[in-house]
Amino acid sequence: MTLQYRSQLRSFYLTSSGEFHTFRLPVPSLWPDILEKMKAAGLNGVSVYTHMGLINPSRGVVDFDSFRALQPLYDAAKAAGIWIVLRPGPLLRRVAIQYINAETTAGGISHWATSEVAGVLRTNATDWRAAWQAYVQGIIEQTAPNQINNGGPVIAIQVDNEYSQSLITHAEYFQELEDVYHNSTITVPLTYNDPGEGRNFINGTGAVDLYGLDAYPQGFDCSHPENWNPVTTNYFSYHEDVNPSQAWYFPEFQGGSFDAWGPTAPGYALCAELTGPNFQSVFYKQLWASNAKLISYYMLYGGTSWGAIPFQCVYSSYDYGASISESRALTTKFDELKLQGIFLRSSPEFYKTNVIGNSSTGATSTSNPAAFATFLQNPDTKTGFYVLRQTSSTSTAITTFKLNITTSLGNVQVPIVVSAITLGGRESKLVLADYSFGSSKVGYTTAQVFYAGTIGGRDILFLYGNSTQAHEIRLALTGTPNKAHQTQSPLITFTASANQTIVAFQAGVKGLQTVWDSNTQLVLFADSVTVTTFWAPVVPGTSTFGNYWALGSNTTVLVGGPYLVRNATISGSQLALLGDLNTTVPLTVVAPSTVKTVTWNGASVQLTAGVTATGGFTATLAPRTAVKTVAVPKLTGWKFKDSLPEIGATFDDSTWTVANHTTTNIPFKPYYGDGRILYGCDYGFCENIVLWRGHFTSTGAQTSVNLSINGGEAFAASVWLNNAFLGTSFGNSTNNQNILEETDDKFAFPAGAVHPGDNVITIVQDNMGLNETNGNNPDTSKSPRGVRGFKLNSGSFGAWKVQGKVGGYTGFLDKTRGVLNEGGLFGERKGWHLPGFDTSSWASRDLATGLPGDSAGVGFFVTTFSLNIPSGIDAFLSFTFEEPLGQDYRLYLFVNGWMMGKRVANLGPQAKFPVHQGILNFQGVNTVAVALWSMGRAAVSPSLQLVLDGVLDGGVPGVKTDNPQWTPVGRV
Ligand code: GAL
């Protein structure tokens with residue numbers, strides 16, 4: 001790291017960024033879609049965790065192929081004009097002790113390391129250091145050429161995640177990681193995210209170049225989205241105290257929430273509400289008020305915790321209630337993010353501010369104690385930014401007031417013409433003073449700014465405000481007006497004041513209004529709904545960083561109407577727009593006067609005169625008819641085969657691994673047994689379904705077995721004696737209450753079930769992911785998944801055998817879908833879940849027929865279906881279970897071989913599993929396979945449908961599928 005880059009980071013324009021985990025969208029050709037959406041919201045950064053467990057599946061093996069690749073992310077980010085803060089770990093996070101937080105299995109630590117490392121993980125233990133070397137070197141090799149100083153998008157690397165420096169073993173571990181980066185060609189700053197105001201890694205051993213603070217002020221219980229916590233008011237003073245010479249950085253600020261297993265889980269719609277547009281308005285602007293200049297929202301796009309990605313507390317969807325939904329659809333949260341993002345992008349005077357004070361310090365004041373203002377000022381231009389909120393930050397009152405501000409034309413109380421500034425409940429606003437747009441000046445404005453800048457040499461200001469409230473702006477109107485376009489609304493008035501003009505917008509102004517249209521200026525105003533239909537795409541420049549706003553381009557156009565505008569280019573007199581449409585919309589364009597024609601996704605648009613005399617157009621855009629014809633088929637033609645031959649009398653487990661270890665690095669030791677360690681990970685089988693077979697010779701006295709089984713929250717394990725079903729042990733979850741990670745049950749043997757000679761206890765066990773670590777005990781990721789106790793009422797067990805996915809973590813077969821995709825069910829071992837497996841000899845049985853009662857069991861159902869969705873159309877598809885919760889089954893959903901979700905039908909909550917193009921072949925045959933595990937004596941009958949959740953004319957081109965077919969090689 002050189003000082004040059006340290007100062008460069010500080011002088012970047014305010015970075016607003018979002019978290020996106022590429023491994024949660026395992027289709028690299030869709031990554032541009034997320035990054036283009038982020039860019040369209042005015043963001044200029046993305047924060048990315050990489051997953052050691054996926055990239056480094058076994059000791060020394062580092063694999064950046066398929067969805068584990070980084071180069072496609074780097075290329076897409078650069079093409080979109082997005083900077084990257086890379087957060088390789090090796091650990092993703094620590095659980096704050098008071099929370100059970102959502103993330104990924106073992107917090108991202110490679111599963112092999114949780115078994116093979118004897119020393120404490122995430123410390124300076126020698127064998128942990130040896131364990132992370134290959135992974136970190138791999139990250140360095142991939143990333144060094146993509147750093148900003150080499151023309152790439154990477155501006156910073158986070159050392160590890162949310163840790164504490166107080167233990168020297170932790171601090172030295174940080175230092176060791178930093179030394180490895182420093183001894184490489186990595187030159188970008190190293191960063192850190194403190195989980196609380198703990199002052200970790202600012203100074204001393206392991207100190208980083210740029211310190212940041214994470215915050216989740218609403219917490220993670222979405223069940224009462226109207227219950228808000230107050231905003232934190234000491235961020236500014238904390239920053240002043242701990243690292244005033246650095247930019248104030250929030251590496252993670254709440255962008256949604258995870259959701260936990262169980263029938264009372266609130267679901268992501270409520271998480272989106274808890275962290276909705278009003279939350280974004282109040283809490284994000286409070287960060288601005290604290291002088292934060294680098295902010296990243298966690299998550300911006302959550303995606304899917306497919307396969308064995310989740311840690312034990314969360315289900316397959318990682319939608320997170322984020323601004324971009326799991327299906328990749330834009331939400332109302334995205335609208336608010338865009339209003340904030342384009343404003344920040346438009347306001348270079350805000351990139352450098354001092355906090356002058358607030359209502360309590362007397363630096364500014366409001367006429368109503370219920371309204372609170374913080375005054376920030378640019379020291380060079382003296383531009384004033386007054387961040388306004390309710391004094392009681394959770395208040396839902398309508399609060400009206402006047403604000404005392406400092407301007408170059410004197411101190412005034414605003415507004416002057418309209419009666420008051422209004423905070424309509426939970427909202428936050430900015431009043432600006434001496435603010436520039438192009439070379440024009442705003443004296444002050446109580447209306448909000450969407451866009452400020454220039455287009456085609458004219459100064460452009462796009463204001464907005466709620467139509468139930470009044471707003472005003474005082475500015476210098478210049479140039480020769482063209483009255484033809486100017487608003488005729490009687491609710492908009494013009495009053496001369498202090499050599500400027502006050503334009504007042506009384507309550508009731510709706511739609512888009514041209515306030516002033518001259519040869520030098522264009523001032524627009526829209527109500528707060530209409531403004532959300534507008535976009536300000538960056539028209540790229542030609543330099544290396546031509547796609548980056550401010551660095552490579554200051555050119556934009558304003559486009560109103562479409563669902564999304566991804567891209568705008570101008571060649572000669574033609575403006576080419578690329579984007580998405582969901583319905584017929586009126587198009588509004590404000591472009592340089594040189595623009596005479598417009599194309600939309602390559603087709604020319606019929607233009608009429610628009611909101612301004614030059615460069616302004618209106619038109620109608622309609623999705624192509626093909627969009628209306630998109631349909632999905634019913635899932636029919638299911639084939640069925642039993643997938644539990646292990647309980648048959650002739651089953652031969654001689655090729656299975658003998659589970660005969662008597663020592664383990666996993667610190668949580670067996671409860672009872674005979675000293676043998678039955679932890680799957682110690683035999684290479686760390687995730688998904690693992691089967692155990694315990695043999696014993698009958699003496700006639702065996703009547704029961706005690707088993708303690710550990711699979712993590714919401715797991716289950718079904719147990720048989722020979723072919724007699726004994727019962728199922730359930731881990732349980734009711735929205736984080738009564739968490740049961742393991743069971744301790746006595747299974748009685750039914751009369752006649754014990755044979756003379758060899759008998760076998762067969763256990764089918766699910767694993768819900770390894771625990772994350774916590775600061776006190778980083779070794780909790782070494783989770784004892786498996787059998788922690790085994791005891792016959794009489795006599796002892798002979799051999800124990802174990803089988804998980806074929807090959808375990810060293811020899812697993814599916815290198816494309818990776819180590820976390822498959823489990824150890826018989827059908828998975830045979831590859832029945834993969835496309836191309838021949839099921840023609842199987843029985844026909846509808847999935848809805850399911851499995852019969854009387855006994856638990858496991859069956860595979862496979863079918864194919866065709867899609868014919870034309871290119872240029874983005875369709876959001878999901879697999880949806882229509883029956884209510886309550887049936888005793890678990891189901892593993894494989895789409896073209898990818899395990900895209902676990903349905904736990906007795907617990908829930910998840911019934912809808914979005915699956916993207918790329919996993920789905922939109923123009924061809926698709927295979928869907930489900931492993932259905934009935935856990936009780938009642939019949940189970942899943943009702944699974946393929947559902948079209950949304951369709952857009954647009955999307956990104958060139959989405960590729962990479963779904964390797966079944967081959968017999970290695971399938972045992
Ligand atoms: C943070 C952590 C993230 C994530 C988040 C909750 O503390 O750094 O990785 O777990 O909590 O979703």
Side-chain angles (χ1 to χ4, degrees), residues 17-24 46-54 85-109 122 158-164 170 174 191-198 200-201 208 211-222 229 232 249-261 265-266 268 270-272 274-275 279 283 295-305 309-323 326 713 736 769-776 778 780-781:
S17 138
E19 184 84 13
F20 165 41
H21 302 154
T22 49
F23 61 86
R24 285 188 156 116
V46 64
S47 167
V48 180
Y49 278 143
T50 59
H51 196 289
M52 180 189 181
L54 285 161
V85 175
L86 193 73
R87 310 202 299 160
L91 187 106
L92 294 196
R93 64 174 315 283
R94 82 169 179 84
V95 179
I97 300 148
Q98 65 273 39
Y99 299 124
I100 296 168
N101 281 357
E103 202 47 287
T104 182
T105 179
I109 291 181
R122 294 181 86 195
Q158 183 178 299
V159 174
D160 185 287
N161 198 74
E162 293 195 340
Y163 215 31
S164 98
H170 296 191
F174 256 61
T191 68
Y192 164 69
N193 59 335
D194 211 343
E197 294 181 1
N200 290 294
F201 300 110
V208 292
Y211 169 85
L213 178 65
D214 288 355
Y216 292 81
Q218 299 283 57
F220 304 97
D221 179 0
C222 306
N229 289 320
T232 302
Y249 176 32
F250 281 86
E252 292 177 27
F253 193 82
Q254 184 152 26
S257 171
F258 61 84
D259 194 32
W261 289 107
Y268 286 119
L270 292 186
C271 296
L274 177 72
T275 59
F279 164 81
F283 282 79
I295 305 169
S296 193
Y297 301 114
Y298 186 107
M299 301 290 300
L300 211 289
Y301 171 74
T304 310
S305 296
I309 284 175
F311 90 137
Q312 51 158 0
C313 299
V314 296
Y315 48 92
S316 305
S317 174
Y318 200 65
D319 178 274
Y320 217 80
S323 291
E326 182 180 11
E713 187 182 335
N736 285 344
L770 306 190
N771 296 30
E772 295 179 319
T773 79
N774 71 49
N776 285 350
T780 49
S781 290

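Values reported hereafter were calculated over all heavy atoms of this structure, with side chains retained and with hydrogens, waters and symmetry mates removed. Note that ligands are numbered from 1 as they come in the structure, with each ligand's atoms numbered from 1 the same way.
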Original post:
If you count the atoms of ligand 1 from 1 in the order shown, which ones are under 4.0 Å from a heavy atom of Tyr320?
Top reply: 6 (C), 12 (O)

**OP:** Could you label the plane-to-plane angle of the Phe258 and Tyr320 rings as parallel, tilted or perpendicular, counting under 30° as parallel and over 60° as perpendicular?
**Re:** tilted

Subject >> Glu326 bridged to Arg24 by N-O distance under 4.0 Å >> reply: no

Original post:
Taking the six-membered ring for Trp, are His21 and Tyr318 parallel (under 30°), tilted (30 to 60°) or perpendicular (over 60°)?
Top reply: parallel

**OP:** Decide whether an N or O pair under 3.5 Å exists between Glu772 and ligand 1.
**Re:** no

Original post:
Going by the atom numbers of ligand 1, which of them fall below 4.0 Å from some non-hydrogen atom of Glu162?
Top reply: 1 (C), 2 (C), 7 (O), 8 (O)

**OP:** Could you check if a side-chain atom of Thr773 sits within less than 4.5 angstrom of a side-chain atom of Glu162, using non-hydrogen atoms only?
**Re:** no

**OP:** Go through ligand 1 atom by atom and flag the ones less than 4.0 Å from a non-hydrogen atom of Phe220.
**Re:** 6 (C)

